[in-house]
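Report on one structure; see the data block that follows.
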Amino acid sequence: MAASIGPRMPSVHTGYCSIVREHVLSQQQLLAHGFDVTAMTLVRPSFESLVRAIWCLQGASEDWIRQFFTPPTPDADVRDETIKGPPVDSMLVTIEKHHPLWVHQSLAALKDATWKPMHSYVHGGIRPVLQALLGCPEHQKVAIVLNGNGFLMFATNVLQMTCSGPAGKIAELQRRFRQCLPPAPAVDFA
């Protein structure tokens, strides 16, 4: 029997945003204690959770969300997901259709610039080995923190939209603390 979604539907956004928050705060703690390889490794799951939060806000079908929350049958393999989400590239295409262009541009630019390095960290490639042996340059540590702050802003915006919060608060924070965020991309409103 399928689970009833009803008021649970927004919880998928909340869940993914909570994951983003936890990963970003963990990165900050890991960096503070000198565990920069693990902090860098959390960039990809943070990014993917953010993309999924935005995709679930507008783009994921009601059917996908229903299946996602449907408990597995008693004979199901406990290692399986209830339903797998689409790949990141597919979610980005959907995000481009349903969200402001700058949202897609920001996410796509970050993915294009960092996907191979993020893959190396997640899957034990050469980058984390070299970083473990040689250390992490300060500019990379700063980039982890700035990007994490950007992820938190995005996730907070998703939550604000989900809860129909007052408009303008996120933009105000971005202006006020722009030195703590990644550089804003040029926005093409065409």
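Residue indices begin at 1 and follow the sequence shown. Computed over heavy atoms, backbone and side chain alike; hydrogens, waters and symmetry mates excluded.
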First locate atom NE2 of His13, then atom SG of Cys56, and finally report the distance between them rounded to the nearest 0.5 Å. 5.5 Å
Spell out, as yes or no, whether a donor-acceptor pair under 3.5 Å connects the side chain of Ser120 to the backbone of Lys116. no
Side chain to side chain donor-acceptor pair (under 3.5 Å) partners of Asn147, counting only residues at least two apart: none
Taken in chain and number order and not counting sequence neighbours, the residues that satisfy side chain to side chain donor-acceptor pair (under 3.5 Å) with Glu48 are Arg44
Indicate the atoms forming the closest heavy-atom contact of Leu146 with Gln179, along with that distance. CD2-O, 3.7 Å
Quick check on Gln140: does its CD atom have over 12 non-hydrogen neighbours (other residues, nucleotides or ligands) under 6.0 Å away? yes
Closest contact, heavy atoms only, Gln58 versus His98: OE1-O, 2.7 Å
Find the distance between CE (Met153) and CD1 (Ile170) and round it off to the nearest 0.5 Å. 6.0 Å
State, to 0.1 Å, how close Leu50 and Ala155 come at their nearest heavy-atom pair, and which atoms those are. CD1-N, 3.7 Å
What one should report as the nearest heavy-atom pair of Gly59 and Thr94 is CA-CG2, 3.4 Å
Who passes side chain to side chain contact (heavy atoms under 4.5 Å, CB included) against Pro117, sequence neighbours left out? Arg127
Heavy-atom check, side chain of Ser26 versus side chain of Leu42, under 4.5 Å: yes
Rounded distance [0.5 Å steps], CZ in Phe151 versus CG in Leu181: 12.0 Å
Would you call Lys111 and Asp89 a side-chain contact if the rule is heavy atoms closer than 4.5 Å? yes
Separation between CZ (Arg52) and CZ (Phe47), nearest 0.5 Å, reads 11.0 Å
Exactly one of Val12, Ile83, Thr82 should register a side-chain contact (heavy atoms from CB on, under 4.5 Å) with Phe69. Which one does? Val12
Over 60° means perpendicular and under 30° means parallel, so classify the ring planes of Trp64 and Trp55, tilted if in between. perpendicular
Taking Ser18 for its side chain and Thr14 for its backbone only, find out whether a donor-acceptor pair lies under 3.5 Å. no
Distance col, row Asp63:CG vs Thr70:OG1, nearest 0.5 angstrom, shows 8.5 Å
When rounded to the nearest 0.5 angstrom, what distance separates CD in Gln67 from CD1 in Ile65? 11.0 Å
Between Val24 and Asn149, what is the shortest heavy-atom contact and its length? CG1-N, 4.4 Å
What pairs with Arg175 under side chain to side chain donor-acceptor pair (under 3.5 Å), at least two apart in sequence or on another chain? none
With sequence neighbours left out, what residues match His123 under ring pair (Phe, Tyr, Trp, His ring centres under 6.0 Å)? His119
By side chain to side chain contact (heavy atoms under 4.5 Å, CB included), Asp75 pairs with (sequence neighbours left out) Thr73
Which pair of heavy atoms, one from His99 and one from Ile54, lies closest together, and at what distance? NE2-O, 3.1 Å
